[in-house]
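Below is one structure, written out as structure tokens; comments come after it.
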Amino acid sequence: MSARARRTSFPEVVIERDSDTEKSSDDEEEVEDDVVESDDQEEEDDNEEQKGKEAEVSSAANKKGKAPITISLKKVCKVCKRTGHQAGFQGPTYIDCPMKPCFLCKLPGHTTVNCPHRVAMEFGVIPAYRKRTNNSLDYVFERQVRHRVPSIKPEFVIPDEVNCAVIRYHSRRVTCLEFHPTNNNILLSGDKKGQLGVWDFGKVHEKTVYGNIHSCLLNNMKFSPANDGTVYAASSDGTMSCTDLETGLSTPLMDLNPNGWQGPNSWTMLYGMDLNAEKGLVLVADNFGFLHLVDTRSNSQKGNSILIHKKGTKVVGLHCNPFQPDLLLSCGNDHFARIWDIRRLEAESCLQSLPHKRVVNSAYFSPISGSKIVTTSIDNRIRVWDSIFGNLETPSREIVHSHDFNRHLTPFRAEWDPKDPSESLVVVGRYISENYNGLALHPIDFIDISTGQLVAEVMDPNITTITPVNKLHPRDDVLASGSSRSLFIWRPKEKSEMVQEKDERKIVVCDRKNSKFGDDDDDSGDDFSSKKGKNGKSKSKKPILVTTPCSSSKKKKKKS
DNA sequence: AGTCGATGCTCCC
DNA sequence: TGGGAGCCCTCGAC
């Protein structure tokens with residue numbers, strides 16, 4: 001009996017067989033066959049479904065006539081390409097490849113299922129503890145800053161229910177969000193195509209998208225502190241723009257590719273951006289490690305560009321300290337976050353380098369006192385420095401959290417709650433899914449960065465996509481999320497109910513072409529609620545969200 | 001329901 | 001340092 005004939009535990013498809021007596025002369029193949037057999041034994045023991053396929057082709061190149069080609073269907077792990085196990089979704093639960101390090105904490109020896117960081121997110125985190133250096137900066141902190149940070153933590157208010165949304169607001173994935181500084185209902189959103197959305201979520205059906213400002217990824221935007229009708233934006237097309245929100249008219253303040261496309265080695269993209277209101281400066285950083293300053297009064301570049309990160313690497317984040325705007329925090333792909341003094345900016349003049357193990361997606365000073373730093377790195381760790389006046393050699397805390405890099409997703413950024421006086425609440429989307437009543441959902445996490453504890457995980461059975469872009473409202477208990485091409489507004493449950501009393505929850509489906517309901521004004525669509533969970537496990541889904549009419553909308557006409 | 005492809009980015013050699 | 005291989009929980013179209 002040949003080896004192939006004995007293989008009975010999985011389906012076999014013989015495409016062509018010339019002669020049963022012909023055997024492959026290739027020794028290596030013989031060995032492989034043996035390996036396969038032992039794997040088969042495991043499969044029988046496991047008694048699992050056979051999925052995947054492996055084509056075994058006997059070369060028989062030295063023989064005349066046709067070679068036998070046997071394709072056997074058996075399970076192959078798509079991660080490590082070995083047999084005997086399989087990674088992937090089994091229903092709503094993702095099974096990791098046991099041959100790889102933990103997908104969550106990146107350590108070997110276990111998978112995410114029993115990773116201690118998944119069981120308890122605060123695992124291994126040292127609760128609030130400030131390293132005292134007893135130097136003069138510590139003294140300054142005690143005198144000037146400490147009283148701004150209350151020692152008693154207020155109760156966190158979590159916006160945990162979808163209040164309104166526009167499905168497919170953008171034609172490409174959302175890259176950034178920004179709330180209007182004075183108008184509570186205006187949300188700005190940028191997308192991968194460079195389009196800028198202006199959404200008044202008080203009037204859900206009204207949708208404005210400016211498509212002619214940038215030609216690719218809108219990476220960051222900020223409102224002008226001098227004029228809240230004006231917004232600055234940095235894009236991968238190499239331009240930094242200043243746009244009037246009323247008219248949509250845009251002025252390019254900087255174009256780093258004035259000669260157009262000259263090849264990938266010279267094409268400059270703008271990523272990190274922030275404003276220094278005191279000095280009237282826009283700070284932007286590019287993909288070659290340089291920082292550029294633009295004077296908003298003269299609309300011209302100020303000084304020379306300065307290399308602030310390793311030459312040739314992206315600088316993805318810039319943040320001016322809210323308390324001392326001359327302090328600048330940058331982060332980038334050279335695995336560093338850096339603190340700078342804008343008054344003394346030159347290459348290698350940074351006050352402090354904060355090393356990370358991998359690329360740093362974001363680095364922010366705390367929003368009120370500016371004395372803390374939170375960074376998000378693609379090594380699946382949120383790092384916290386409790387005081388920029390203290391010892392910055394090592395972070396005060398490292399919180400393991402799933403926010404891996406994926407080329408199809410906007411990079412995750414942990415964002416402060418600007419309303420939290422204790423400066424300890426942070427919001428960040430989660431990459432890996434969890435099984436919630438038979439649905440694989442990717443929640444949005446609220447984390448207390450002083451303890452590493454998961455304060456809340458916010459999800460909706462209808463949002464099955466990953467939500468990497470999140471922004472908390474500067475004044476209201478509102479969370480804005482960008483998930484794929486859609487925008488969501490969350491409010492706390494009780495408040496949501498109050499709002500609904502006078503105006504029902506509003507979910508609008510955009511994109512005429514892809515929606516069978518056709519019209520933005522059409523209120524009958526259930527595209528949102530009909531979305532399936534992972535692996536089509538939609539049976540146990542609670543249909544809590546439906547497309548409801550906007551009662552205040554005057555445009556109530558049905559298409560015949 | 002299952003497959004496929006668009007593709008940017010990281011990191012290793 | 002440059003080039004290129006490879007990429008584990010995408011997402012949406014067909």
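So you know, we letter chains A, B, ... as the sequences are listed, proteins then strands, and number each from 1. Bear in mind the structure is a predicted one, so any value in this text is a computation, not a measurement.
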(request) Specify the separation, in whole Å, of atom NZ of Lys310(A) and atom C1' of dT1(C). (result) 9 Å

(message) How close do Thr467(A) and Gly482(A) get, counting heavy atoms only, and between which atoms?
(response) CG2-O, 3.7 Å

(message) Between C1' on dG5(B) and CZ on Arg173(A), what's the gap in Å once rounded to a whole number?
(response) 16 Å

(request) Could you work out which one of dC8(C), dT10(B), dT10(C) sits closest to the side chain of Ile378(A)? (result) dT10(B)

(message) Which nucleotide wins on minimum distance to the side chain of Asn333(A), given the candidates dT10(B), dC9(C), dC11(C)?
(response) dT10(B)

(message) Here's a test of your reading of the structure: between Ser483(A) and Val79(A), which maps to the more 5' nucleotide of DNA chain C?
(response) Val79(A)

(message) Between dT7(B) and dC14(C), how far apart are the two P atoms, rounded to whole Å?
(response) 14 Å

(message) Closest approach to the side chain of Ile466(A), judged atom by atom: which nucleotide of dC8(C), dT10(C), dG12(C) is it?
(response) dT10(C)

(request) Tell me, please, whether Phe336(A) has Lys310(A) positioned over its six-membered ring: NZ or CZ under 6.0 Å from the ring centre and within 45 degrees of its axis? (result) no

(request) Search all heavy atoms of Ile382(A) against all heavy atoms of Val428(A) and return the closest pair with its distance. (result) CD1-CG1, 3.9 Å

(request) For a side-chain contact (heavy atoms from CB on, under 4.5 Å) with Ile399(A), tell me which candidate from Leu454(A), Val426(A), Ile447(A) qualifies. (result) Ile447(A)

(request) Under 4.0 Å between any heavy atoms, over every strand shown, what does Tyr431(A) touch: base, sugar-phosphate, or nothing? Just pick one. (result) sugar-phosphate

(message) Base, sugar-phosphate or nothing for Lys78(A)? Non-hydrogen atoms, less than 4.0 Å.
(response) nothing

(request) Search all heavy atoms of Arg430(A) against all heavy atoms of His442(A) and return the closest pair with its distance. (result) O-CB, 3.5 Å

(request) Mind calculating the distance between CG (Asn406(A)) and C1' (dC8(C)) to the nearest angstrom? (result) 9 Å

(message) Any side-chain N or O of Ser484(A) below 4.0 angstrom from OP1/OP2 of dG12(C)?
(response) yes

(message) So if I take every side-chain heavy atom of Leu409(A) and compare against dC9(C), dT10(C), dT10(B), which nucleotide ends up nearest?
(response) dT10(C)

(request) Could you tell me whether the phosphate oxygens of dC9(B), OP1 or OP2, come under 4.0 Å of any side-chain nitrogen or oxygen in Tyr271(A)? (result) yes

(request) Answer with base, sugar-phosphate or nothing: what part of the nucleic acid does Ser402(A) contact at a heavy-atom distance below 4.0 Å? (result) nothing

(request) Give the rounded distance in Å between these two atoms: CZ of Arg407(A) and P of dA5(C). (result) 14 Å

(message) Is the phosphate of dT7(B) approached by Arg172(A) (side-chain N or O, under 4.0 Å from OP1 or OP2)?
(response) no

(request) Grab the NE2-P distance between His442(A) and dC11(C) for me, whole Å please. (result) 6 Å

(message) Regarding His403(A), tell me which of base, sugar-phosphate or nothing describes its non-hydrogen contacts under 4.0 Å with the strands shown.
(response) nothing

(message) Using the C1' atom as the point on both nucleotides, what is the distance between dC9(C) and dC12(B), in whole Å?
(response) 25 Å

(message) In this structure, how many angstroms lie between the P atom of dT10(C) and the NZ atom of Lys192(A), rounded?
(response) 17 Å

(request) Using whole Å, report how far CG of Asp379(A) lies from C1' of dT10(B). (result) 14 Å

(message) Any base atoms under 4.0 Å from Pro101(A), or only sugar-phosphate, or nothing? Heavy atoms, all strands.
(response) base

(message) Base, sugar-phosphate or nothing for Phe412(A)? Non-hydrogen atoms, less than 4.0 Å.
(response) nothing

(request) Would you mind reading off the distance between Tyr169(A) atom OH and dC11(C) atom P, rounded to a whole angstrom? (result) 21 Å

(message) Should His408(A) be counted as stacked on dG8(B), where stacking needs a ring-centre gap under 5.5 Å and an angle between planes under 30 degrees?
(response) no

(message) Nearest to the Arg485(A) side chain among dG12(C), dC9(C), dC8(C), which nucleotide is it?
(response) dG12(C)

(message) If I take atom CZ from residue Phe365(A) and atom CD1 from residue Ile339(A), how far apart are they, to the nearest 0.5 angstrom?
(response) 5.0 Å

